Amino acid sequence: RSSGSSQSPALRALAAPGAWNFARFLEPTMGANTSCGACGGTNQSFSIDEPRSVVVIGWGPIGHGLVDNLTQNIARARDHMRITILCEEPFPSYNRVKLTTFFQHRSPEKLAFVKDGWCEERGIKVIYGSATAVDRAARRVTYSSLKGPGGSVSYHDLVFATGSKPFVPPLPGLSTDTPGITVYRNIGDCNTMIERAKTVSTAVVIGGGFLGLEAAKALYDLGLQTHILEVAPHVLPVQIDPAAGAIMKKKVEALGVKVHTGVKIEGVVSGPDGVTGVKVVEDGKESVIEAGLVCVSAGIRPRDELAKSCGLEIGARGGVKVDDRLRSATDPHVHAVGEIAAVNGEVPYGLERPGLEQAKVLAANLLDSATKVTYRGSDLTTKLKLMGVPMASFGGAASFWLEKLYTSEDPKLVKNIVQQDDAKGTYKKLVFTPDGTKLLGGILLGDISQCGKLAALSKKPNLGPLKMEQVAETVPVDDGGDGTNVADDDFVCTCKLVTKGIIKDAIKAGAVTFEDIRKATKAGTGCGGCVAGGPVPKILANTLKDMGKQTGLCPPNLPFPAQDIEDLCKMRKLKTVEDVVARLGPANPTDIDKCKPAIAPILAKLWDRPSLEGDRIGQLKALRQDLFDFIDKQNCNPILVRLAWHDSGTYDKSKTKFPDMGGANGSIRFAPEIGMGANNGLNKALKLLEPFKTEYPMVSWADLIQ
């Protein structure tokens with residue numbers, strides 16, 4: 001930049017198109033009266049820097065959130081930043097919230113946040129390997145590679161997004177080096193569990209928190225007899241109170257998983273082939289619970305070993321100590337986000353949502369060093385479905401959880417309203433200040449439809465004109481008349497922190513499908529519940545109708561593609577055209593009869609089965625198609641399934657008498673034969689087949705196995 005009327009040849013050459021890749025101007029390097037060495041100009045403050053090198057260690061959901069925010073403006077990112085990601089897993093970043101679905105589809109691609117070419121388009125370099133050392137003086141990271149020799153990479157800014165690691169309690173015999181003992185954290189752990197489940201029939205999960213319950217459901221679905229061991233008096237002790245915990249335990253055990261609470265774990269027993277059981281003391285009695293697979297889900301710890309080794313200050317409970325701009329207290333060129341970030345030295349958050357909020361703050365600071373954006377803490381509201389049971393806990397401040405106000409009965413601290421319906425399986429606990437003027441937080445089980453409104457109310461200084469009893473019954477919300485009961489500033493997608501207003505703005509800007517909304521706002525890319533069972537369809541239908549936009553199978557009532565309508569009807573069990581329009585369409589639908597020709601065939605495909613009562617041959621034919629659809633959904637080869645069932649029929653040939661049941665090789669029987677010498681492969685197969693036997697009662701087990 002020159003103060004004169006002309007530029008030197010050197011500066012003109014630098015300014016020529018394609019000759020120089022200018023970085024954004026960060027901090028002036030020349031004073032106001034300093035002359036420029038290139039052109040001799042004065043009274044100009046400027047700097048010319050190379051692209052800023054940002055190295056991110058870790059490509060989990062939070063690391064991905066950071067680089068996604070940094071590269072929203074792709075052209076700017078390519079010109080001004082050189083981003084390198086170190087990813088220790090052999091897969092691109094994937095959705096950990098949906099990790100349990102991996103047991104069904106076995107496909108990392110279905111969990112991935114990005115498609116092929118995403119990183120290349122944004123100028124991001126991915127190194128599949130692990131950071132092994134950080135030289136802060138030289139600003140260089142050394143790494144080992146999964147795909148060849150290691151190396152090192154330099155940085156201007158280094159970001160720790162290494163997340164956390166599972167805590168393995170120091171119990172006798174408990175080591176992940178023992179065959180059959182694993183943790184539950186990533187795709188590799190899922191594969192370990194899947195392989196081990198092929199050779200054993202029983203499993204124990206140590207820990208009854210979120211991940212413990214998810215792991216137990218996965219193991220149960222793999223056909224294993226599963227036990228959950230929780231040392232606390234009830235499951236989910238960090239999120240819910242004992243009463244809700246008792247209800248949750250009952251619901252989990254109704255699914256076929258045995259839950260042991262208040263249990264003391266004494267150690268793990270192993271044999272030549274790995275783990276065989278877990279020693280416990282329950283109700284004062286010592287016993288060994290048989291387990292060919294043990295999954296440890298007993299909490300997490302920040303992965304801060306590398307940070308410690310390079311001399312960074314660590315928080316009192318672990319994690320890199322950072323300020324409210326997510327910058328290390330030790331080194332301004334080092335940052336941390338997510339489960340490794342100890343903001344102002346506090347305990348790192350163990351949830352995805354705070355990490356995503358931190359990623360946004362850090363991205364803003366890296367893009368503009370003059371920004372005033374700071375991290376002010378996170379809402380720890382949790383809403384999810386565990387083992388088929390909807391559960392939510394919310395609070396107006398972190399103290400609601402940290403001080404365990406959700407379990408308090410102290411009248412000096414709280415005033416509680418509890419509503420429980422055993423017949424419906426619902427539980428609601430609302431926690432107020434002792435004078436009843438402010439909602440502090442609450443717990444919802446079974447019916448969580450009020451969570452968003454109650455969470456928003458808990459953040460207000462008081463209840464306003466409402467009384468506690470009114471809040472317990474219903475919370476009025478201005479939804480603009482669209483029937484969603486969600487205000488514009490309420491979160492619709494709690495996984496990705498997307499409000500209704502953001503979704504509406506995206507629709508007005510051209511997002512006319514669920515996939516468009518996912519790309520524009522990230523709503524629906526977490527657990528997916530805001531689309532599958534939440535208000536996103538109605539928001540889309542109402543907004544498109546207000547815009548006069550005609551799209552989809554049956555506008556304006558159902559402006560969605562046929563496949564989306566079929567998926568939503570199946571997930572929500574919608575069986576009439578009226579139900580479909582009421583649950584998915586705008587608040588004031590018009591001429592519903594016009595939708596019937598388009599929607600009726602979809603509903604018939606899903607729900608209209610011919611009556612097969614008393615028709616064994618008809619049931620066999622229908623069963624055959626259902627089985628092939630099931631096998632296709634499981635993404636496995638029917639021939640391999642047949643061979644597996646065939647082999648599972650081997651038995652002790654010294655046994656000469658078996659029930660007259662037949663089988664693929666003349667020896668396949670049912671579960672009681674396991675005790676007569678048959679192996680447990682068939683037992684697993686039968687567990688998968690039980691729903692079909694219930695649906696087709698005239699089909700014998702022998703027919704079903706054949």
Side-chain angles (χ1 to χ4, degrees), residues 99-100 103 164-185 189-190 192-194 196-197 200-271 273-301 350 386-389 391 407:
L99 187 58
T100 50
F103 291 94
S164 61
K165 60 185 177 183
F167 170 65
V168 179
L171 296 170
L174 184 61
S175 169
T176 53
D177 293 331
T178 302
I181 299 180
T182 184
V183 294
Y184 179 55
R185 196 68 179 164
D189 300 329
C190 292
T192 298
M193 293 161 70
I194 290 168
R196 183 70 177 182
V200 300
S201 61
T202 55
V204 162
V205 176
I206 297 177
F210 282 149
L211 288 179
L213 294 184
E214 285 192 349
K217 179 63 166 61
L219 293 170
Y220 175 78
D221 288 342
L222 287 173
L224 304 186
Q225 181 182 345
T226 305
H227 298 257
I228 297 173
L229 306 183
E230 172 56 57
V231 297
H234 62 89
V235 295
L236 301 173
V238 179
Q239 289 79 26
I240 59 179
D241 65 351
I247 296 173
M248 193 70 187
K249 177 181 178 180
K250 186 177 180 180
K251 287 179 175 288
V252 170
E253 291 194 323
L255 297 174
V257 175
K258 177 63 177 173
V259 180
H260 309 257
T261 54
V263 65
K264 181 181 179 182
I265 304 173
E266 300 230 304
V268 174
V269 182
S270 298
D273 296 324
V275 65
T276 59
V278 180
K279 294 174 62 177
V280 301
V281 176
E282 189 174 12
D283 297 327
K285 298 178 181 179
E286 185 174 303
S287 63
V288 175
I289 298 175
E290 181 184 344
L293 192 161
V294 172
C295 178
V296 183
S297 181
I300 56 175
R301 300 291 186 271
L386 284 171
M387 301 188 79
V389 182
M391 193 283 295
T407 64

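Keep in mind it's a predicted model, so treat the numbers as computed, not measured.
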Does [X] reach the side chain of [Y], with side-chain heavy atoms less than 4.5 Å apart?
| X | Y | answer |
| --- | --- | --- |
| Val268 | Ile181 | yes |
| Thr202 | Val200 | no |
| Pro169 | Leu174 | yes |
| Pro233 | Thr261 | no |
| Val280 | Glu286 | no |
| Pro166 | Tyr184 | no |

Glu290 CD: over 12 foreign heavy atoms closer than 6.0 Å
no
So, [X] side chain and [Y] main chain: donor-acceptor pair closer than 3.5 Å or not?
| X | Y | value |
| --- | --- | --- |
| Thr276 | Val269 | yes |
| Thr226 | Leu224 | yes |
| Thr176 | Thr182 | no |

Run the salt bridge (Lys or Arg N to Asp or Glu O under 4.0 Å) test on Glu253 and Lys251 for me, step by step, so that the C-alpha distance in whole Å, both residues' side-chain angles and the decisive distance to 0.1 Å come before the verdict.
CA-CA 6 Å; Glu253 291 194 323; Lys251 287 179 175 288; over 6 Å; no
Side chain to side chain contact (heavy atoms under 4.5 Å, CB included) test vs His227 passes for just one of Ile206, Val278, Val263, Ile289, namely Ile289
In Å and rounded to the nearest 0.5 Å, what is the [atom1] to [atom2] distance from [X] to [Y]?
| X | Y | atom1 | atom2 | value |
| --- | --- | --- | --- | --- |
| Tyr220 | Gln225 | OH | CD | 10.5 Å |
| Thr192 | Leu293 | OG1 | CG | 9.0 Å |
| Leu99 | Glu214 | CG | CD | 7.5 Å |
| His260 | Glu230 | NE2 | CD | 12.5 Å |
| Lys217 | Met387 | NZ | CE | 6.5 Å |
| Leu229 | Cys295 | CG | SG | 11.5 Å |

Begin from the C-alpha positions of Phe167 and Ile300 and carry the test side-chain contact (heavy atoms from CB on, under 4.5 Å) through to its verdict.
CA-CA 5 Å; Phe167 170 65; Ile300 56 175; over 6 Å; no
Please step through side-chain contact (heavy atoms from CB on, under 4.5 Å) for the pair Glu266 and Val281, ending with a clear verdict.
CA-CA 7 Å; Glu266 300 230 304; Val281 176; 3.6 Å; yes
Mind listing the closest non-hydrogen atom pair of [X] and [Y] along with its distance?
| X | Y | result |
| --- | --- | --- |
| Val275 | Arg196 | O-NH2, 3.6 Å |
| Ile240 | His234 | O-CE1, 2.9 Å |
| Pro237 | Gly208 | CD-O, 4.4 Å |
| Val259 | Val252 | CG2-CG1, 3.6 Å |
| Met248 | Leu236 | CG-CD1, 4.2 Å |
| Lys279 | Val288 | CG-CG2, 3.7 Å |

Pair Arg185-Ser164, side-chain donor/acceptor within less than 3.5 Å
yes
